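Only a predicted model underlies this, so the values are computations on that prediction, with no experimental measurement involved.
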Amino acid sequence: MSRKIWATAILAAGIAPLAGARSLDARTFASTAAFRSVGDNGEAFGGAEETDDLAARESELYERGTRAMDEGDWTAAARAFQEVVQMSGARGDGARYWVAYALAKQGRRDEALAALRGFESKYPKSSWRKDVRALELEIRPASGKTLLREGGDDEDLKLMAINGLMSSEPEQAVPMLEKVLNGNASPRVKERALFVLAQSGSPRARQIIASVARGADRPELQEKAIHYLGISGGKGNAELLSEIYASSKSVELKEKVLHAFMLSGDKARVVEAARDEKSPELRAAAVRLLGVMGARTELWQMYGSEATGSVKDTILQALFIAGDVDHVAELARTESDANLRREAIHRLGIMGNTEGVLLRLYREEKDVDARKAVLQALFLQNSAKSLVEIARSEKDPRLKAEAVSKLAIMHDKDATNYMLEILNH
């Protein structure tokens, strides 16, 4: 599963990224902050709300840096994120973290530490502060004791130190983490201890995480353990998750396991649930996850063999999530069920970059309601040029009026010129 798809899954599922406990390996990078955007004030940063050119440029550079890390091009990543830092915008704190991360991946540890120096004074309210401390511990593990003394009894810092210890002395770290799970630490700290254990290759760590995931130990952490097994991936984790899925009678818990399969990229097991699961809820959940995973071929095959309209609608939504324009367009042209057909047309309007497909569909379509659905889809895309073309050539007065009514409320030069053209006749 590509990191781009993984990111979509995270957004769709509403998973909050983890602060701290980050490791300098690509798997941990993908599972935590690669797609997180927070500003200097520690509040969520919504790229979709950016309106000014400066913010758009900042977002573009941040995305460029993320793509570079996705490709392992640490030099390009450091360069892109450094430009974001220099802009002193809303993403400066996160970008500064990733500059140091990319430098450390190149073995330039002194430069990485220098990039983090003064972070807390520069960004006192940033939610990346603990992440920065964790990264400093990983880059310079010998400094861990000093940092812990400065932080006092801060449980977060203790876990960061243990996380740094995992890579060099896992046999010492695992008992510490087990003690955290069995002690009086806060739920948040225990969850982060589980996260570190799930990434460990230590046999004892695997025993602990398996026990929690099965619900035999610390049942309040079972769902988190399942989630972290999915993030960590691997054959052993997949087999454990399958065992939990098969033995559980809880639909809710099985949904959590399916979600973990999605996170690990285990498409085969999600497909199996989508095809064979007796529970309609679980089938629907599996289908939606396949959309997130981009399983276009499998979803299309399922659609062709499905007889139930509600299930077909769920598969159609999954094809939309997967960005499968070709198959959604085919359904918009050929689906015999009028409601599903109109839904497919509506989805084309939301998908974007389908103006040409919609215009061809309008020309070929005979059903008035379907043609109205196409007009609405073009309106959703702000495709004034196509709507003007339709309004000029349409012979049906109802459809012509429908097109004009949409153009009348569009802030577009082509729409305005056509309104003036009507008034001048």
Side-chain angles (χ1 to χ4, degrees), residues 1-13 35 47-48 60 63 66-67 70 262 265 267 270-271 274-275 284-306 308-367 369-390 399 402-403 406 410 412 414:
M1 179 176 60
S2 73
R3 290 200 181 95
K4 187 174 183 181
I5 292 173
W6 192 95
T8 307
I10 294 297
L11 289 172
F35 306 98
E60 178 190 347
E63 184 179 349
T66 300
R67 285 199 306 268
D70 212 29
M262 180 274 294
K267 187 163 64 176
V270 182
V271 168
R275 287 176 173 160
V287 167
R288 286 191 292 270
L289 290 172
L290 287 173
V292 174
M293 298 175 82
R296 300 179 181 185
T297 302
E298 292 83 358
L299 287 167
W300 185 242
Q301 290 171 350
M302 286 182 208
Y303 194 96
S305 60
E306 184 56 57
T308 306
S310 59
V311 178
K312 280 191 166 185
D313 183 61
T314 302
I315 297 173
L316 172 56
Q317 291 179 40
L319 289 168
F320 160 73
I321 292 171
D324 192 347
V325 173
D326 292 340
H327 285 139
V328 175
E330 186 168 342
L331 293 177
R333 288 192 299 270
T334 63
E335 174 57 60
S336 57
D337 184 298
N339 290 329
L340 286 172
R341 198 144 145 261
R342 285 195 294 271
E343 181 63 22
I345 293 170
H346 174 68
R347 295 291 174 181
L348 284 174
I350 301 173
M351 291 174 92
N353 298 320
T354 57
E355 183 176 4
V357 174
L358 288 166
L359 193 55
R360 287 193 298 274
L361 184 60
Y362 187 89
R363 291 167 179 162
E364 297 167 1
E365 186 56 62
K366 304 300 180 186
D367 180 76
D369 288 336
R371 295 184 105 188
K372 285 183 177 180
V374 174
L375 291 175
Q376 176 64 20
L378 288 168
F379 172 72
L380 289 174
Q381 289 197 358
N382 200 35
S383 302
K385 187 175 181 180
S386 292
L387 285 171
V388 168
E389 182 179 333
I390 289 170
L399 291 171
E402 186 78 18
K406 295 187 184 308
M410 294 175 73
D412 184 277
D414 288 320

Is there a side-chain contact (heavy atoms from CB on, under 4.5 Å) between Tyr303 and Leu340? Walk through the geometry before answering. CA-CA 12 Å; Tyr303 194 96; Leu340 286 172; 3.6 Å; yes
Would you please test Glu63 and Arg67 for salt bridge (Lys or Arg N to Asp or Glu O under 4.0 Å) and show each step? CA-CA 6 Å; Glu63 184 179 349; Arg67 285 199 306 268; 3.3 Å; yes
Check step by step if side-chain contact (heavy atoms from CB on, under 4.5 Å) holds for Leu399 and Leu375. CA-CA 9 Å; Leu399 291 171; Leu375 291 175; 4.3 Å; yes
From CA spacing to verdict: side-chain contact (heavy atoms from CB on, under 4.5 Å), Leu331, Lys312: CA-CA 11 Å; Leu331 293 177; Lys312 280 191 166 185; over 6 Å; no
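Two residues are said to be in side-chain contact when any heavy atoms from C-beta on lie closer than 4.5 Å; Ile390 and Leu359 meet this criterion. Using a 4.5 Å heavy-atom threshold, the side chains of Val311 and Met302 count as separate. Between Gln376 and Phe379 the shortest side-chain heavy-atom distance falls below 4.5 Å. Here the side chains of Leu380 and His346 are in contact, with some heavy-atom distance below 4.5 Å.
Between Glu402 and Lys406, at least one side-chain N (NZ, or NE/NH1/NH2) sits under 4.0 Å from a carboxylate O, which counts as a salt bridge.
A donor-acceptor contact shorter than 3.5 Å is absent between the side chain of Arg296 and the backbone of Val325.
Distance check, rounded to the nearest 0.5 Å: CZ of Arg363 to CG of Leu358 gives 11.5 Å. Considering CD of Glu355 and CG of Asn382, their distance stands at 9.5 Å, rounded to 0.5 Å.
Looking at every heavy atom in both residues, Asn353 comes nearest to Gln381 through N-NE2, 3.9 Å. The shortest heavy-atom contact between Met410 and Ser383 is CE-N, 3.9 Å. The two atoms that bring Leu290 and Ala274 nearest to each other are CD1-CB, 3.8 Å, heavy atoms only. Counting all heavy atoms, side chain and backbone alike, Ile315 lies closest to Leu299 at CG2-O, 3.4 Å. Nearest heavy-atom pair, Ala344 versus Leu316, reported as atom, atom and distance to 0.1 Å: N-CD2, 3.8 Å. Shown here for Ala286 and Val270, the closest heavy-atom pair between the two residues is O-CG1, 3.4 Å.
The side-chain hydrogen bond (donor to acceptor under 3.5 Å, both in side chains) search around Thr297 returns none, not counting sequence neighbours. Applying the side-chain hydrogen bond (donor to acceptor under 3.5 Å, both in side chains) rule to Arg275 yields the partners Gln301; only residues at least two apart in sequence or on another chain are considered.
Of the candidates Thr354, Leu378, Ile345, Ile345 is the only one forming a side chain to side chain contact (heavy atoms under 4.5 Å, CB included) with Leu361.
Counting only residues at least two apart or in different chains, salt bridge (charged side-chain N to carboxylate O under 4.0 Å, His left out) contacts with residues 330-345 comprise Arg341-Glu365, Glu343-Arg347.
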